[in-house]
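A short worksheet on the structure shown next.
Along the sequence shown, the residues carry numbers beginning at 1.
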Amino acid sequence: MKKIFQISPADNVAVAIEDLKSGEAAGTGGKSVIVREPVQAGHKVALRDIARDESIVKYGFPIGTASAAIPAGAWVHTHNVKTRLGDLLKYSYHPSFRPLPTVPPRTFQGYRRKNGSVGVRNEVWILPTVGCVNAVVREIERESQKFLPPELDGIYSYTHPYGCSQLGEDLGNTQKALAGLVRHPNAGAVLVVGLGCENNTLDQMKRAIGPYDEDRVKFLICQEHEDEIDDGVAIVKQLCRYAAQFHRRECTADQLVVGLKCGGSDGFSGITANPLVGAFSDRLTAQGGTAILTEVPEMFGAETLLMDRCKDRAVFDKTVALINDFKRYFIEHHQKIDSNPSPGNKAGGITTLEDKSLGCVQKGGTAPVSGVLLYGQPASQKGLNLLQAPGNDLVASAALAASGAHLVLFTTGRGTPFGCPVPTVKISSNSGLARRKAGWIDFDAGRLLTGAEMPALADEFFSYVLDVASGKKVKSESFDKHDLAIFKNGVTL
């Protein structure tokens, strides 16, 4: 009779594991209800009568309040639940965490760079300082493929619409994102292409990049060349020769930086895929590696769980600023703080932002929060970091790459084909999606609903990620990954 799943004993709702029909019995953990109306898989059903204005509890925490009385067995969703989220809050630090026991790091085959960093791909990247030269960098990429040696994984240009008509912090975001990619160890060599009259001047970009190897990073200003395509291709030919000197060598997992992201969630995401990624994150940080959790709006409603895991008061204060600054961003643009979840999230069974957030933060596992990163800031602190970036899939994933993530673990209950500049591993929350979109999904976490045990599946998944770091291609790498989504936040001139 078990057709529903109760996540925490404190919950007054359960998640339907399969589509439920009106009048049928469904049980979980010794509790059973008669379903009063059809409930789709991934959606919630009331385990008992819930009074109007009473908290709806899932994951052991409130995800909203009942906007009407809800009888046992009824469908619980947006029609009878309202968010509890409001304005800015004051927080108190109540540390509650256990440092993870350290274990010897496992190994993978990566590229050791001259500056001591490690990459998981060996590619040549062509980056425009301004959107005006997007067509130029695409043509340079196309013409340069004839010089691609077997030692390289590819030659890619990453286009974007920014770099001019921007001011202040908005222009700074563009510069920080581009600089982070220039420094990224997955790029064996980089060509930076500018127009020559944009706000994002070459001198400003060089200051944002910081010290660099002149053999690895080259620059081209189109207005200074009679034939910028031919000259750009000649430079890429040089860069290919430079990057071809690197070969895969044994590296330890403590050198890995992995981004954690979810999108197109469903009611199973917080039960399967996100906890699986959380188990991975704990294993990685216990081995001395680095995990980066982002999507700040999808921490709203679950932020205190992260705050109580901050390793010290300084990190706690930065986390409070991270949350409240992003809330101010919403308020300044006259938008509601609870504007998420998206229509796709709601169709998959996510009712409120708190519902999504409590599932979302599980990707961070149980490790202490060791650092907080501003947008575009490189990760330098080992362990679990929080990164300032929005929930948008493309923008957040690119932000993770700009902060140094070698790859991104992307959980989904709806499916998506997109890719960012680094390998983007798609983990499905349900097996139906994995079967239906086999060309998109890399790993099926839905097996946790049909008998797979978390420790064994987490070990399998960790080995899979090490294989990806060692060169195994993921599905998103076969799609177009040329777009670079930069966080736009300011006036356009």
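The CG atom of Asn489 lies 5.0 Å from the CZ atom of Phe487; values are rounded to the nearest 0.5 Å. If you take OG on Ser476 and CG on Asp442, they are separated by 6.5 Å, rounding to the nearest 0.5 Å. To the nearest 0.5 Å, atoms CD1 (Ile56) and CG (Asn12) are separated by 5.5 Å. The line from CH2 of Trp125 to CG of Leu484 is 9.5 Å long, rounded to the nearest 0.5 Å. In this structure, Leu386 CG and Met299 CE are separated by 5.0 Å, a value rounded to the nearest 0.5 Å. With values rounded to the nearest 0.5 angstrom, Asp312 atom CG is found 9.0 Å from Asp317 atom CG.
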**Request:** Output, in order, the C-alpha distance, side-chain angles, deciding distance and verdict of side chain to side chain donor-acceptor pair (under 3.5 Å) for Arg84 and Thr352.
**Result:** CA-CA 9 Å; Arg84 294 157 53 99; Thr352 61; over 6 Å; no
Q) Which is it for Leu293 and Leu387 under the side-chain contact (heavy atoms from CB on, under 4.5 Å) test, yes or no, and what are the steps along the way? A) CA-CA 6 Å; Leu293 178 67; Leu387 170 63; over 6 Å; no
Could you please spell out the steps behind the side chain to side chain donor-acceptor pair (under 3.5 Å) verdict for Lys82 and Thr78? CA-CA 7 Å; Lys82 58 184 177 181; Thr78 54; over 6 Å; no
Notebook entry, point to check: Is there a side chain to side chain donor-acceptor pair (under 3.5 Å) between Gln335 and Tyr329 once you walk through the steps?
Noted result: CA-CA 9 Å; Gln335 299 300 317; Tyr329 167 62; over 6 Å; no
### Message
Please determine whether side-chain contact (heavy atoms from CB on, under 4.5 Å) holds for the pair Cys251 and Phe108, giving the CA-CA distance in whole Å, both sets of side-chain angles, and the decisive distance to 0.1 Å.
### Response
CA-CA 5 Å; Cys251 303; Phe108 68 97; 3.7 Å; yes
task = Walk me through it: do Ile7 and Lys58 pass the test side-chain contact (heavy atoms from CB on, under 4.5 Å)?
result = CA-CA 7 Å; Ile7 299 170; Lys58 183 182 176 187; 3.8 Å; yes
Exercise for review: Could you walk me through whether Tyr375 and Ile486 pass the side-chain contact (heavy atoms from CB on, under 4.5 Å) test, one step at a time?
Suggested key: CA-CA 10 Å; Tyr375 181 81; Ile486 297 173; 3.7 Å; yes
### Message
Arg106 vs Ser463, test: side chain to side chain donor-acceptor pair (under 3.5 Å). Steps then yes/no.
### Response
CA-CA 9 Å; Arg106 294 176 60 181; Ser463 295; 3.0 Å; yes
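Within the 3.5 Å criterion, the main-chain N or O of Phe300 finds a donor-acceptor partner in the side chain of Ser357. The closest donor-acceptor contact from the side chain of Thr252 to the backbone of Pro105 lies at 3.5 Å or more, if one exists at all. One N or O on the side chain of His160 and one on the backbone of Pro128 form a donor-acceptor pair closer than 3.5 Å. Using a distance-only test at 3.5 Å, with no hydrogens or angles considered, a donor-acceptor pair links the side chain of Ser67 to the main chain of Asn80. No donor-acceptor pair closer than 3.5 Å links the side chain of His406 to the backbone N or O of Val120. The closest donor-acceptor contact from the side chain of Lys31 to the backbone of Arg48 lies at 3.5 Å or more, if one exists at all. Side-chain atoms of Thr285 do not come within 3.5 Å of backbone N or O of Gly383 as any donor-acceptor pair. No side-chain donor-acceptor contact under 3.5 Å links Asn385 to the backbone of Ile292. The closest donor-acceptor contact from the side chain of Thr319 to the backbone of Val315 lies under 3.5 Å. Between the side chain of His77 and the main chain of His79, no donor-acceptor pair closer than 3.5 Å is present.
Using a 4.0 Å cut-off between charged side-chain N and carboxylate O, Lys44 and Asp355 make a salt bridge. A salt bridge does not link Glu332 to Lys327: none of the charged side-chain nitrogens sits closer than 4.0 Å to a carboxylate oxygen. Glu295 and Lys363 are joined by a salt bridge, as a carboxylate oxygen and a charged side-chain nitrogen come within less than 4.0 angstrom of each other.
For residues 261-298, the pairs satisfying ring pair (Phe, Tyr, Trp, His ring centres under 6.0 Å) are Phe280-Phe461, Phe280-Phe462, with sequence neighbours left out. Within the structure, every pair that satisfies the salt bridge (Lys or Arg N to Asp or Glu O under 4.0 Å) test and touches residues 265-294, not counting sequence neighbours, is listed here: Arg283-Asp459. Sorted by first and then second residue, the salt bridge (Lys or Arg N to Asp or Glu O under 4.0 Å) pairs involving residues 416-431 (not counting sequence neighbours) form an empty list. Pairs engaging residues 366-378 under the salt bridge (Lys or Arg N to Asp or Glu O under 4.0 Å) rule: none recorded [sequence neighbours left out].
Note: Phe418 and Phe410 meet the aromatic proximity criterion, with ring centroids under 6.0 Å apart.
Contact between Ala66 and Ala51 at its shortest, heavy atoms only, is CB-O, 3.4 Å. Among all heavy-atom pairs drawn from Arg138 and Ser157, the shortest one is CA-OG, 3.8 Å. Looking at every heavy atom in both residues, Asp393 comes nearest to Cys262 through OD1-O, 3.7 Å. Of all non-hydrogen atoms in Ile350 and Lys356, the two that sit nearest each other are CG2-CB, 3.6 Å. The minimum heavy-atom distance between Phe97 and Cys310, with the atom names listed, is CE2-O, 3.1 Å. Counting all heavy atoms, side chain and backbone alike, Ala69 lies closest to Pro71 at O-CD, 3.8 Å.
The side chain to side chain contact (heavy atoms under 4.5 Å, CB included) search around Asp153 returns Tyr111, Arg121, Asn122, Glu123, Arg248, Lys473, not counting sequence neighbours.
Two residues are said to be in side-chain contact when any heavy atoms from C-beta on lie closer than 4.5 Å; Asn430 and Thr272 fail this criterion. Between Ile323 and Val296, the closest side-chain pair of non-hydrogen atoms falls below 4.5 Å. No side-chain heavy atom of Trp75 sits under 4.5 Å from any side-chain heavy atom of Ile70. Using a 4.5 Å heavy-atom cutoff, the side chains of Val474 and Thr424 are not in contact. The side-chain heavy atoms of Val258 and Leu284, taken from C-beta on, include a pair separated by under 4.5 Å. Between Val408 and Cys420 there is a side-chain heavy-atom pair separated by less than 4.5 Å. Between Asp170 and Lys488, the closest side-chain pair of non-hydrogen atoms falls below 4.5 Å. Residues Ile4 and Leu47 are in side-chain contact: their nearest non-hydrogen atoms beyond the backbone lie under 4.5 Å apart.
Other residues, nucleotides and ligands contribute over 12 non-hydrogen atoms within 6.0 Å of the NZ atom of Lys481.
With a 6.0 Å cutoff to the six-membered ring centre and a 45° limit on the axis angle, Lys336 does not count as a cation-pi contact of Phe330.
Ring orientation note: the planes of Phe443 and Tyr464 are tilted relative to one another, at an angle of 30° to 60°.
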Please tabulate, for the side chains in residues 13-26, all donor-acceptor contacts under 3.5 angstrom to protein atoms that are two or more places apart in sequence or on a different chain.
unit_1: Asp19; atom_1: OD1; unit_2: Ala41; atom_2: N; d: 2.8
unit_1: Ser22; atom_1: OG; unit_2: Arg36; atom_2: O; d: 3.2
unit_1: Glu24; atom_1: OE1; unit_2: Lys3; atom_2: NZ; d: 2.6
unit_1: Glu24; atom_1: OE2; unit_2: Lys21; atom_2: N; d: 2.4

